[in-house]
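Below is one structure, written out as structure tokens, with a few remarks after it.
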Amino acid sequence: MSFRARRQTLHHLLGDDDGVVLWLGSTLQARNYPANPYMPFRQDSHFLYYVGVQAPDFAALSYPDGTEVLFGHPVDMDTIVWEGPQPSLEERAQQAEMTQWKDLSTLPSVLQSLEKVLYLPPFQASSLLRLSEGLSVSPSECREGASPALVRAVVEQRLVKSDEEVEQIEAALDFTAHLFHAAMAQTKPGGSYAQLLGYVTGEIRSRLWDFSFPPILTHHGEILHTHDYDGAMESGRLVLLDMGVETSLGYASDITRSWPVNGTYSSRQRDMYNIVLQSQLDAIDAIGPGVPYRDVHRVAATTIAAGLIDLGLMKGDAEEAVREGAHALFFPHGVGHMLGGDVHDMEDLGDVVGYEPGDSRSSQFGLNFLRLARPLAEGHVVTVEPGIYFIPALLEQWRAANKHESFLNYDAIEDYLSFGGIRIEDDVLVTEGGSRVLGPGIAKTVDEVEAKIKG
């Protein structure tokens, strides 16, 4: 679908709430002083989806009557001297499939002449200030003025991925599979996490792509979002790599694998790994149109609880344990999220992405971190990423309070405190008949992973 067609579809979805839609692109963000920005530049994903210009300091207006205008800075000689030849503003407008273009400096006067301007809630301070100045309102008024109708329409449109978008995600996954298999092959006792990260980074940069999020590479898999890459790989420990890349059009992959440093899972690691793997396979099997993702999460959690009961770390009935939230000692996050033009697709718009109107997050620990609960539909792309973690501080807190003691064998759990964590993640397309794991396939069974490590 062309950029113009996407904008026209959006206006149709807005219906009676239609108005002039403002698309505000990103600016360069300063790293430590104004002339030293973070690079490579990453465009706002909504702007990229609806306008398609991958450069800083642009904005666009689309009108209900089909009029569309791109705003940007005309290319001057100073820009050419420092940055080289640039596409003209007219050429940028043609790329965006717009027939009008204006100097960005005129945008505030145009905005203030309009009766109804619809815009998405800004999540960067620079965007908030630019909107505030352009609309001549305070930053707080600017936040309050974001259009709920536009948010709902954008979410409705972007949630369902076109064939072209799925192809982009699979292109990211093709490269991601190569990176994971290479990382497994380079894992050895005494190896450096920083050097392994450096190799992966170099491979991505050589393609002029980027990470879709800061990667997690650690033997402390129980720390869900650690970005500490210091230290050496130790025999007997598990490496957890959670990583994704994004294509030049911004489409992301998001994959996690957990493997043994010495190339062979211990019996304890194998048992725990196979519980997580079965949990993921059961969750994938549960996916289909009309299935609430909250139910998929419960399937994954119940498989984990049942496996831990078999190992003697939990007790009682698995389904009851999950209803009460006892499993969250080991699995304290949601089973997945939407994936697309962002690794957490559109989450800048809040829970309207993951929850239907009238639904909201649970207050139960673990379930409250579920980013996605809504019923699935054909064309949704989701991550499926269950895990088991042994978090000493959380165990200490729960044991001191005798929390869920009817479901948890604390003495047995204590013996696993140095275990770390395991997570297995794939990206899955919801199809008419169920689901399809995207990408070429990344080693996932115990035998497949061990074979990749040993070469």
Side-chain angles (χ1 to χ4, degrees), residues 26 28-32 36-49 54-56 123-124 165-187 191-221 223-231 239-259 333 336-348 371 381-385 387 423-427 438-440 442-443:
S26 296
L28 289 171
Q29 303 294 309
R31 182 173 180 267
N32 60 331
N36 188 26
Y38 286 102
M39 296 297 284
F41 169 73
R42 177 55 159 87
Q43 183 60 277
D44 173 84
S45 295
H46 303 296
F47 194 85
L48 202 56
Y49 182 86
Q54 179 64 289
F123 64 92
Q124 288 183 328
E165 291 179 284
V166 173
E167 288 174 5
Q168 282 285 310
I169 294 169
E170 294 212 274
L173 284 164
D174 285 343
F175 190 40
T176 305
H178 159 71
L179 295 173
F180 267 85
H181 291 155
M184 291 175 184
Q186 293 187 34
T187 300
S192 164
Y193 285 104
Q195 288 178 345
L196 185 55
L197 178 66
Y199 164 77
V200 171
T201 303
E203 287 286 289
I204 294 171
R205 292 285 190 258
S206 71
R207 188 172 283 209
L208 299 180
W209 283 10
D210 201 355
F211 289 107
S212 54
F213 60 95
I216 298 164
L217 175 60
T218 182
H219 60 247
H220 283 296
I223 305 175
L224 300 183
H225 279 178
T226 182
H227 298 114
D228 181 0
Y229 311 115
D230 194 14
V239 175
L240 186 150
L241 175 58
D242 186 344
M243 182 186 70
V245 302
E246 61 178 25
T247 69
S248 57
L249 295 180
Y251 286 90
S253 63
D254 186 3
I255 296 292
T256 307
R257 293 291 186 268
S258 307
W259 65 87
H333 61 77
H337 51 80
M338 290 289 182
L339 179 82
D342 300 299
V343 68
H344 286 184
D345 206 27
M346 298 180 286
E347 285 193 13
D348 61 297
R371 299 177 185 273
V381 177
V382 300
T383 66
V384 185
E385 49 181 307
R423 181 164 63 255
I424 304 171
E425 176 182 18
D426 284 303
D427 305 333
L438 296 176
I442 300 172

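Fair warning: this is a prediction, and the values are worked out from it, not measured in the lab.
For the atom pair OG (Ser26) and CG (Leu28), the distance works out to 9.5 Å, reported to the nearest 0.5 Å. Rounding to the nearest 0.5 angstrom, the gap separating the CE atom in Met243 from the CG atom in Leu179 is 4.5 Å. With rounding to the nearest 0.5 angstrom, the OG atom of Ser253 is 11.0 Å from the CG atom of Asp426. Between the OH atom in Tyr251 and the CG atom in Leu173 there is a gap of 14.0 Å [rounded to 0.5 Å]. How far OG1 of Thr218 is from CG of Leu197: 11.5 Å, rounded to the nearest 0.5 Å. To the nearest 0.5 Å, atoms CD (Glu347) and CE (Met338) are separated by 10.0 Å.
Contact of the His225 side chain with the Asp242 side chain is not registered, since no non-hydrogen atoms from C-beta on lie closer than 4.5 Å. Asp210 places none of its side-chain heavy atoms less than 4.5 Å from the side chain of Arg42. Counting heavy atoms from C-beta outward, Leu240 and Arg423 have side chains that approach closer than 4.5 Å.
A donor-acceptor distance shorter than 3.5 angstrom exists from the side chain of Gln54 to the backbone of Gln43, with no hydrogens or angles considered. Of the possible polar contacts, none joining the Tyr193 side chain to the Val239 backbone as a donor-acceptor pair under 3.5 Å is found. No side-chain donor-acceptor contact under 3.5 Å links Ser212 to the backbone of Val343. Using modelled atom types, one side-chain atom of Arg257 and one backbone atom of Ala443 make a donor-acceptor pair closer than 3.5 Å.
The two atoms that bring Phe175 and Glu203 nearest to each other are CZ-O, 3.4 Å, heavy atoms only. Of all heavy-atom pairs spanning Asp230 and Asp228, the tightest one is N-OD1, 3.0 Å. The two residues Ser45 and Gly341 have their closest heavy-atom pair at OG-O, 3.3 Å. Across all their heavy atoms, Trp259 and Thr187 have their closest contact at NE1-OG1, 2.9 Å.
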For this session: Show the numbers, then the answer: is there a side-chain contact (heavy atoms from CB on, under 4.5 Å) between Val166 and Glu170?
Result: CA-CA 6 Å; Val166 173; Glu170 294 212 274; 4.2 Å; yes
For this session: May I have the step-by-step check of side-chain contact (heavy atoms from CB on, under 4.5 Å) for Tyr229 and Leu196, ending in yes or no?
Result: CA-CA 9 Å; Tyr229 311 115; Leu196 185 55; over 6 Å; no
For this session: Take Leu438 and Val381 through the side-chain contact (heavy atoms from CB on, under 4.5 Å) test and state the conclusion after the steps.
Result: CA-CA 9 Å; Leu438 296 176; Val381 177; 3.9 Å; yes
Exercise. Please walk me through it: do Asp44 and Phe123 pass side-chain contact (heavy atoms from CB on, under 4.5 Å)?
Worked result: CA-CA 10 Å; Asp44 173 84; Phe123 64 92; 3.7 Å; yes
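Scored by the side chain to side chain contact (heavy atoms under 4.5 Å, CB included) test, Thr383 finds Asp254, His337, Leu339, Glu385, Glu425, Asp427 as partners (sequence neighbours excluded). Every side chain to side chain contact (heavy atoms under 4.5 Å, CB included) that Arg31 has, sequence neighbours left out, goes to Asn36, Tyr38.
Inspection of the His46 and Asp348 side chains reveals an N or O donor paired with an N or O acceptor under 3.5 Å.
Dense packing is recorded around CD of Gln124, with more than 12 heavy atoms of other residues, nucleotides or ligands lying under 6.0 Å away.
If you run side chain to side chain contact (heavy atoms under 4.5 Å, CB included) between Thr247 and each of Arg207, Glu167, Gln168, only Gln168 comes through.
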